[in-house]
Amino acid sequence: MSQITIISKAKEEIPKKYLEQLFKLMQINNQEILKIKPPSIGYFKRVWVLGSSSEEKVSYLLAINSEDEVIGYGQCSWNINYDNLDKGYVWVHIARKYRRKGFGTQLFIKSIENLPDQITGLYIETFEDTDGLRFIESLGVKEGYKETLSISDLTKFNQDEVKKEAKAQREKANEKGYEIIYIDALEHILHIDFQKYAEMLEEIWNDMPREELTFEDYKLSVERVQKMNQRRYLTGDYVMTFVAIHKESGDPIGLTNSYISEYQPTLVRQGDTGIVRAHRGHGLGLALKYQMLEKLLFETEAKLWRTGNAGSNEHMLRINRLLKYEPFTCVHEFELNKKDLLERLK
């Protein structure tokens with residue numbers, strides 16, 4: 001087997017001569033797993049320049065062949081604030097023509113070894129019909145979570161019909177005691193009580209299906225939510241959010257948000273959609289999604305609307321079918337003990 005050199009340093013110390021090759025590999029990897037045209041190369045440069053968030057550490061690795069080409073990269077990350085401080089995440093990609101030569105395994109092992117001692121558990125995600133999924137399955141690891149990714153073709157909607165239905169959904173919500181408001185970009189604090197918004201979001205996140213995964217509940221402070229929103233903005237995302245307000249109390253009780261990247265303007269990425277448990281059963285999830293659909297059709301140039309849902313979330317899957325979503329791939333997630341995995345790999 002031919003040899004590779006693995007560069008494993010702080011991001012700032014990785015030789016600049018390899019960065020263009022790295023960004024291109026990241027772009028190719030994105031298209032391979034998500035099966036649609038990826039963001040332009042500027043997105044990957046932007047994320048690299050921005051660096052990791054204040055709540056996590058990220059380590060990068062490069063696989064270099066004898067011709068000084070970057071043939072693969074690895075990435076491992078772990079939380080340093082808030083929650084799940086004992087769990088790490090690892091991602092590895094090898095250029096297609098260099099696969100099945102053991103390079104991916106070498107990079108995978110080195111990435112895991114880069115995690116600090118306090119990391120005892122790992123989350124590994126792989127995508128349908130990829131070599132990564134076949135590799136993880138070959139280790140005999142039990143799947144912990146499966147997310148179905150779906151796409152809705154926005155060009156297939158009749159704008160007048162959507163406008164009419166969005167209005168009808170708003171009126172139904174209003175009759176049941178709820179107002180739906182729109183928040184543009186980072187302007188949450190101008191429209192709502194941000195503390196109650198963070199509490200609502202925390203409840204929704206912690207109530208989402210986890211299937212067999214065992215991570216801790218999220219702890220969402222105002223500061224943490226603000227930083228997450230600001231980070232999206234800095235990576236080139238235009239953030240659109242609709243919030244359902246309980247009129248009697250004035251509390252935010254549900255939301256849906258979506259993102260459009262300046263580096264991928266024809267794709268909308270659906271973020272969160274959820275209603276706190278005490279206010280479910282009033283059709284608010286569908287009402288919120290219709291407001292978003294109307295906005296996307298009338299105020300953006302987007303053509304595709306992507307979302308992801310746990311296979312066990314039947315309620316949201318029913319809403320997706322009404323909005324013409326069609327599944328196109330699945331994300332398979334695995335939870336492993338770091339020590340056990342290293343022993344198995346070696």
Side-chain angles (χ1 to χ4, degrees), residues 25-39 72-77 84 87-96 99-100 104-105 108 111 121-154 156 204-215 218 256-259 261 264 266-274 285 289 292 302-336 341:
L25 268 186
M26 289 176 168
Q27 186 184 48
I28 291 170
N29 185 197
N30 184 281
Q31 180 159 14
E32 180 180 352
I33 62 177
L34 293 174
K35 305 179 189 299
I36 59 175
K37 185 179 178 180
Y73 71 93
Q75 178 180 336
C76 56
S77 60
N84 294 288
K87 300 292 194 299
Y89 171 85
V90 174
W91 180 266
V92 167
H93 172 74
I94 297 292
R96 187 176 295 276
R99 293 176 189 171
R100 304 185 188 281
T105 302
F108 192 47
S111 297
L122 292 176
Y123 292 123
I124 308 292
E125 66 177 13
T126 61
F127 285 71
E128 192 82 5
D129 301 322
T130 64
D131 291 320
L133 177 59
R134 287 183 280 272
F135 172 72
I136 294 297
E137 288 179 336
S138 73
L139 299 175
V141 180
K142 181 183 177 182
E143 183 175 284
Y145 182 91
K146 181 178 179 180
E147 180 181 20
T148 298
L149 298 186
S150 303
I151 284 279
S152 179
D153 186 343
L154 294 171
K156 293 183 178 180
I204 289 171
W205 278 23
N206 289 328
D207 203 28
M208 289 180 178
R210 302 182 187 183
E211 299 184 352
E212 302 300 318
L213 300 180
T214 63
F215 54 83
Y218 296 102
T256 190
N257 52 27
S258 293
Y259 319 110
S261 172
Q264 199 177 22
T266 60
L267 176 70
V268 183
R269 298 172 351 263
Q270 177 65 44
D272 299 310
T273 299
K289 293 278 275 192
M292 185 66 73
K303 306 300 181 187
L304 299 173
W305 188 13
R306 191 185 80 203
T307 192
N309 300 99
S312 57
N313 192 349
E314 183 55 37
H315 174 70
M316 191 54 63
L317 291 172
R318 284 198 301 271
I319 291 177
N320 287 348
R321 287 191 284 271
L322 291 174
L323 296 174
K324 302 184 181 180
Y325 276 103
E326 296 183 2
F328 71 96
T329 193
C330 292
V331 185
H332 302 263
E333 299 188 21
F334 303 84
E335 185 175 359
L336 310 96
L341 179 59

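Not measured: the values here are computed from a predicted model.
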Rounded to the nearest 0.5 Å, what separation is found between the [atom1] atom of [X] and the [atom2] atom of [Y]?
X	Y	atom1	atom2	value
Trp91	Asn29	CH2	CG	5.5 Å
Glu335	Arg210	CD	CZ	11.0 Å
Ile28	His93	CD1	NE2	6.5 Å
Ile136	Leu336	CD1	CG	6.5 Å
Tyr325	Ile151	OH	CD1	8.0 Å

Heavy atoms only: give me the nearest [X]-[Y] pair and the separation to one decimal.
X	Y	answer
Asn30	Pro38	OD1-CB, 3.5 Å
Ile36	Gln31	O-CG, 3.5 Å
Cys330	Thr148	SG-OG1, 4.0 Å
Ala302	Leu154	O-CD1, 3.7 Å
Tyr218	Asn206	N-OD1, 2.6 Å
Ser150	Pro327	OG-CA, 3.5 Å

So, do [X] and [Y] sit near enough that their side-chain heavy atoms are less than 4.5 Å apart?
X	Y	result
Ile94	Phe108	no
Phe328	Leu149	yes
Phe334	Leu122	no
Asp129	Lys35	yes
Asp272	Met208	yes
Leu304	Leu267	yes
Ile33	Thr329	no
Thr105	Phe135	yes

Is Arg100 atom CZ crowded by more than 12 heavy atoms from other residues, nucleotides or ligands, each under 6.0 Å away?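 Check fails, neighbour count at 12 or below.
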For the pair [X] (side chain) and [Y] (backbone), establish whether a donor and an acceptor sit closer than 3.5 Å, ignoring hydrogens and angles.
X	Y	result
Gln27	Pro39	yes
Tyr123	Leu213	no
Gln270	Asn257	yes
Lys289	Leu323	no

Test Glu333 against Lys87 for salt bridge (Lys or Arg N to Asp or Glu O under 4.0 Å), laying out the working first.
CA-CA 14 Å; Glu333 299 188 21; Lys87 300 292 194 299; over 6 Å; no
I'd like to check the salt bridge (Lys or Arg N to Asp or Glu O under 4.0 Å) partners of Glu143; sequence neighbours left out, ordered by chain and number.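 Residues passing salt bridge (Lys or Arg N to Asp or Glu O under 4.0 Å) with Glu143: none at all.
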Residues in salt bridge (Lys or Arg N to Asp or Glu O under 4.0 Å) contact with Arg306, at least two apart in sequence or another chain:
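Once residues adjacent in sequence are excluded, Arg306 has no partner under the salt bridge (Lys or Arg N to Asp or Glu O under 4.0 Å) criterion.
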Show me the pairs that pass side-chain hydrogen bond (donor to acceptor under 3.5 Å, both in side chains) and involve residues 133-142, at least two apart or across chains.
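Matches after skipping sequence neighbours: Asp131-Arg134.
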Consider only side-chain N and O atoms of Tyr89 and Glu125, and report whether a donor and an acceptor are under 3.5 Å apart.
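Indeed, the side chains of Tyr89 and Glu125 share at least one donor-acceptor pair under 3.5 Å.
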- prompt: Checking side chain to side chain contact (heavy atoms under 4.5 Å, CB included) for the pair Val331/Tyr145: CA distance, chi angles, key distance, verdict?
  reply: CA-CA 8 Å; Val331 185; Tyr145 182 91; over 6 Å; no
